[in-house]
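The structure under discussion appears below in the form of structure tokens.
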Amino acid sequence: PVFAGMNGSAIDNFSCVIYNISLMNCTWQAGKDAPADTQYFLYWQNSRYEDAMECELYIQDENGRNTGCRFQNVRIETEKAYFLVNGSSKDSLIQFYDAYIQLYKIEKLMPPANITVNCDEIKNNCIIQWQRPQISHSNKDKCFKYEINIKYK
């Protein structure tokens, strides 16, 4: 495909992470050969049935250039989300960057909740209980594996 715009002007190192159930941060770096006045704009589509939306809350560097976006109330759909970052400059055309991302793969899980420990010194045993972490895309308990590290002090 022919990409309009100057080589090296598209963004680099695009990545997103979902945390706290429904918050998402995406970040990127300006293209290494992008003119100094280049400004970038992020559009995304959570599924093909939804309209593409522009980022509502940009993260900016010290020069006022958009280098990321914060999202709230993100729902994880079963299909891939589409991200597009394009740019504008007075000096030249800027190449766009796009990516399809499976959102559940970028979700950072919360820790387990309500951890309780009850030890019986006479029987010399402990019962440790917890609730599985909240996640936004599934209620399947069998998705989780746990590891307990016990340190004696």
Side-chain angles (χ1 to χ4, degrees), residues 1-117 128-149 151:
V2 178
F3 292 110
M6 190 176 72
N7 279 343
S9 63
I11 60 160
D12 281 322
N13 296 332
F14 182 82
S15 76
C16 300
V17 63
I18 292 176
Y19 61 99
N20 277 7
I21 318 301
S22 63
L23 303 178
M24 180 167 69
N25 261 20
C26 294
T27 57
W28 59 84
Q29 288 169 331
K32 61 184 183 316
D33 297 326
D37 76 328
T38 304
Q39 184 57 286
Y40 293 105
F41 305 95
L42 168 64
Y43 298 86
W44 85 301
Q45 197 173 5
N46 200 5
S47 77
R48 78 187 89 167
Y49 307 107
E50 294 182 23
D51 294 333
M53 300 171 291
E54 186 181 354
C55 170
E56 288 182 10
L57 185 60
Y58 282 108
I59 301 164
Q60 296 189 324
D61 65 12
E62 61 279 1
N63 303 316
R65 180 183 271 176
N66 297 337
T67 55
C69 181
R70 288 196 176 92
F71 299 89
Q72 294 176 315
N73 306 318
V74 173
R75 288 186 331 282
I76 294 183
E77 306 284 358
T78 50
E79 51 187 296
K80 291 179 176 174
Y82 175 68
F83 294 84
L84 168 75
V85 181
N86 62 22
S88 67
S89 160
K90 289 194 290 291
D91 295 343
S92 71
L93 287 171
I94 304 301
Q95 288 181 332
F96 71 87
Y97 167 93
D98 65 350
Y100 286 92
I101 297 174
Q102 207 82 70
L103 293 187
Y104 75 85
K105 291 184 177 174
I106 60 167
E107 185 174 15
K108 191 173 179 180
L109 299 179
M110 301 289 285
N114 297 335
I115 300 170
T116 59
V117 180
I128 303 171
Q129 291 178 299
W130 61 86
Q131 289 175 317
R132 69 168 179 78
Q134 268 192 292
I135 55 171
S136 56
H137 66 278
S138 164
N139 287 320
K140 296 189 184 85
D141 284 321
K142 66 178 184 288
C143 292
F144 289 95
K145 290 181 179 167
Y146 301 98
E147 183 178 297
I148 298 171
N149 288 323
K151 293 189 175 75

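Worth saying up front: this structure is predicted, and the values here are computed from it rather than measured.
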Report task. Could you tell me which residues satisfy side chain to side chain donor-acceptor pair (under 3.5 Å) with Y43, sequence neighbours excluded, listed by chain and number? Result -> none
Report summary line: Applying side chain to side chain donor-acceptor pair (under 3.5 Å) to N114 and not counting sequence neighbours gives Q131
Report summary line: Residue set satisfying side chain to side chain contact (heavy atoms under 4.5 Å, CB included) with I148, at least two apart, ordered chain then number -> I128, W130, I150
Just how far is it from atom [atom1] of [X] to atom [atom2] of [Y], taken to the nearest 0.5 Å?
X: D51; Y: Q45; atom1: CG; atom2: CD; result: 7.5 Å
X: I76; Y: Y104; atom1: CD1; atom2: OH; result: 10.0 Å
X: L84; Y: Y100; atom1: CG; atom2: OH; result: 10.0 Å
X: R65; Y: Q60; atom1: CZ; atom2: CD; result: 11.0 Å

Query raised in the report: Does anything in residues 31-116 pair up under disulfide bond (SG atoms under 2.5 Å apart), and if so which pairs, sequence neighbours excluded?
Result: C55-C69
Query raised in the report: Can you list every disulfide bond (SG atoms under 2.5 Å apart) pair that touches residues 86-115, not counting sequence neighbours?
Result: none
Query raised in the report: Can you list every pair that meets salt bridge (charged side-chain N to carboxylate O under 4.0 Å, His left out) and has a residue in residues 52-61, with sequence neighbours left out?
Result: none
Query - salt bridge (charged side-chain N to carboxylate O under 4.0 Å, His left out) pairs, two or more places apart, involving residues 10-29 - result: none
Query raised in the report: Which ring pair (Phe, Tyr, Trp, His ring centres under 6.0 Å) pairs, counting each pair once, include a residue from residues 56-77, with sequence neighbours left out?
Result: W44-F71
Output a table of donor-acceptor pairs, distance under 3.5 Å, between side-chain atoms of residues 30-38 and any protein atom two or more places apart or on a different chain; print 'none' if there are none.
{"unit_1": "D37", "atom_1": "OD1", "unit_2": "S89", "atom_2": "OG", "d": "2.7"}
{"unit_1": "D37", "atom_1": "OD2", "unit_2": "K90", "atom_2": "N", "d": "2.8"}
{"unit_1": "T38", "atom_1": "OG1", "unit_2": "P35", "atom_2": "O", "d": "2.7"}

Table please: side-chain donor-acceptor pairs of residues 14-29 below 3.5 Å, with sequence neighbours left out.
{"unit_1": "W28", "atom_1": "NE1", "unit_2": "N66", "atom_2": "O", "d": "3.0"}
{"unit_1": "Q29", "atom_1": "OE1", "unit_2": "N13", "atom_2": "ND2", "d": "2.4"}

Requested in this report: Quick one: closest heavy-atom pair of Y40 and S9, and the distance?
Outcome: OH-O, 2.6 Å
Requested in this report: Could you note down all residue pairs passing side-chain hydrogen bond (donor to acceptor under 3.5 Å, both in side chains) where residues 73-87 supplies at least one of them, sequence neighbours left out?
Outcome: R48-E79, E50-R75, R75-E77, Y82-D98
